[in-house]
Amino acid sequence: MSHSPLLIAGAGIAGLAAALACGRLGKAARVIERASSFGEVGAGIQIGPNVTRILHGWGLETQLAQVAAFPDRLLVRSALSGGTLAQLPLGAEMLRRYGAPYATVHRADLHQMLLSAVQAQGLAELELSGELVRFEQASHGVQVSLAGGRALHADALLGADGLWSPVRRLLLDDGAAQPTGHLAYRALQKQSDLPPSLRSQQVTVWLGPRLHVVQYPVRGGEWLNLVVVVHGEPDWLRAANATPGQLANWNQEADRVQLLQALRGTAGPLQKRVDAVPAWRLWILCDRPPIDGPQEHVVGRVALLGDAAHPMRPYLAQGAGMAIEDASAVADALADRGRSIEAALQVFAHQRWQRNRRVQLRSRRNGAIFHASGVVRWGRDAALVLLGSRLLDLPWLYRR
């Protein structure tokens with residue numbers, strides 16, 4: 001049986017960030033990934049100054065600049081009228097206010113950046129096809145059993161294995177994540193393939209009844225990421241009573257006709273933007289109730305990070321961000337050699353759970369605001385026009 005000071009289940013963004021952060025502080029890690037190759041599905045993500053500050057601190061400023069885009073502003077528009085409701089300067093203003101940039105990046109590029117850093121710096125062992133099937137805690141550590149019968153022993157186990165986390169299921173036994181009733185249609189387009197009127201180097205959010213649309217540049221601005229979120233669930237989900245495994249496959253072919261029907265009645269510029277996309281992929285949004293205490297982050301020598309602990313709805317653009325913050329915090333806690341493993345993980349849990357809960361709650365609230373109708377929509381639009389950037393800026397989040 002092999003032994004590791006720290007075992008990390010999952011080689012996604014959360015797991016690799018944890019391996020990088022812990023390794024830089026002298027805590028050697030072993031990462032097990034159930035997939036047979038390293039990779040990341042999905043499309044674009046937004047990362048605020050709270051996140052880019054951490055990545056810069058890990059020595060990744062140059063690497064991030066090579067793959068990300070840095071939009072100059074966030075523009076909020078009405079999905080019905082097409083009119084501008086509010087805007088927030090990004091670019092130089094984010095640097096001035098928070099000391100770090102606001103970036104938009106392809107999820108796969110961020111993942112590859114973290115993977116390359118871990119590999120180049122030799123900070124962790126990385127093992128593919130390592131499917132965790134059970135673990136047992138004892139006073140001296142955690143024994144992990146993998147599919148195929150192999151056993152590993154570690155001083156601590158970090159479950160960074162995503163929304164459908166086996167580590168969480170074994171640790172908390174609190175059921176599977178559930179559909180939210182929202183669907184996300186995603187697409188990526190090369191900007192050079194678009195007419196000039198549809199190209200963009202800014203973040204644009206269109207707000208409409210029971211839907212919203214987000215677009216922003218990725219891959220140095222050469223590609224445009226587009227996300228349409230609508231209420232509903234696909235017919236096959238209702239008919240087949242889909243399993244968590246089916247729901248986990250977010251990269252499903254989408255029905256373009258259904259998407260265009262959901263956008264009927266929206267502004268011409270928005271419909272033109274969406275109609276220019278020939279094919280879409282579907283993501284069924286699932287989550288859990290907001291984290292309710294440190295006991296949902298840590299039990300004994302086992303900790304949950306990222307989506308395994310606190311899946312985020314995408315309405316605050318902080319899912320990857322909170323995972324990276326978790327990684328930084330758990331590394332700091334474990335680096336204090338004056339604490340036991342259990343005490344260090346409790347410090348991490350107590351530091352993180354309230355912030356993660358706040359972001360989860362704010363994300364849910366934003367979803368209701370983004371998709372408001374009737375009098376609430378009128379009030380939202382009026383407030384955005386009146387208060388503008390004061391509503392869109394988030395010092396409590398970005399100054400972290």
Side-chain angles (χ1 to χ4, degrees), residues 2 4 6-23 28-45 47 55 58 60 63-64 66-68 105-135 144-152 154 157-170 177 184 186-188 218-219 223 225 243-253 279 281-284 286 304-308 311 319-320 323-324 326-327:
S2 60
S4 300
L6 182 62
L7 186 64
I8 301 173
I13 288 172
L16 291 177
L20 180 59
C22 290
R30 182 173 192 165
V31 181
I32 54 172
E33 167 57 47
R34 58 189 162 188
S36 58
S37 62
F38 292 114
E40 184 66 89
V41 298
I45 55 176
I47 50 176
L55 296 175
W58 291 344
L60 299 177
Q63 293 89 327
L64 181 64
Q66 290 171 345
V67 298
V105 62
H106 194 290
R107 181 179 291 270
D109 292 340
L110 176 60
H111 181 268
Q112 182 59 50
M113 184 180 75
L114 294 169
L115 176 61
S116 296
V118 170
Q119 292 174 323
Q121 298 176 38
L123 299 178
E125 294 182 63
L126 303 173
E127 179 177 334
L128 294 168
S129 302
E131 182 182 356
L132 182 150
V133 294
R134 63 181 176 273
F135 65 81
V144 173
S145 299
L146 304 182
R150 197 154 58 91
L152 304 174
L157 170 64
L158 305 184
D161 45 352
L163 180 64
W164 310 102
S165 166
V167 176
R168 181 182 182 120
R169 175 177 53 81
L170 294 164
R186 289 182 173 266
L188 277 167
V218 294
R219 294 190 159 160
W223 290 76
N225 182 73
T243 66
Q246 290 172 301
L247 294 174
N249 179 20
W250 81 314
N251 194 26
Q252 302 171 61
E253 188 173 341
R281 309 303 292 181
L282 175 65
W283 178 21
I284 302 167
C286 299
L304 301 175
L305 279 64
D307 282 351
I324 290 170
D326 281 353

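Just so it is clear, the model here is predicted, and its values are computed rather than measured.
Contact check for Cys286 versus Leu163: side-chain heavy atoms found under the 4.5 Å cut-off. A heavy-atom distance below 4.5 Å is found between the side chains of Trp58 and Ile324. Under the 4.5 Å side-chain criterion, counting only non-hydrogen atoms from C-beta, Ser145 is in contact with Val133. Side-chain contact between Trp223 and His106: absent, with no pair of heavy atoms (C-beta onward) separated by less than 4.5 Å. When side chains are defined from C-beta on, Leu158 does not count as touching Leu304, because their heavy atoms never get closer than 4.5 Å. In this structure, the side chains of Leu64 and Ile47 come closer than 4.5 Å at one or more pairs of heavy atoms. In this structure, Met113 and Leu60 have side chains that are in contact, with non-hydrogen atoms separated by less than 4.5 Å.
Counting all heavy atoms, side chain and backbone alike, Ala323 lies closest to Ala14 at CB-CB, 3.8 Å. Looking at every heavy atom in both residues, Ala11 comes nearest to Val31 through CB-CG1, 3.8 Å. Taking both residues in full, the closest heavy atoms of Leu132 and Val167 are given as CD1-CG2, 4.0 Å, listed atom of the first, atom of the second, then distance. Asp161 and Pro166 get closest at one heavy-atom pair: OD2-CD, 3.0 Å.
Side chain of Glu33 to main chain of Ala35: a donor-acceptor pair is present (N/O by atom type, distance under 3.5 Å, no hydrogens or angles). Remark: side-chain polar atoms of Asp326 are not paired, donor with acceptor, to backbone N or O of Leu305 under 3.5 angstrom. Remark: the backbone N or O of Gly44 is paired with a side-chain donor or acceptor of Asn225 at under 3.5 angstrom.
In this structure, the side chain to side chain donor-acceptor pair (under 3.5 Å) partners of Ser116, at least two apart in sequence or on a different chain, are Gln112. Shown here are the salt bridge (charged side-chain N to carboxylate O under 4.0 Å, His left out) partners of Arg219, two or more places apart in sequence or in another chain: Asp109.
Going from atom CG of Leu115 over to atom CD1 of Ile13 covers 11.5 Å, rounded to the nearest 0.5 Å.
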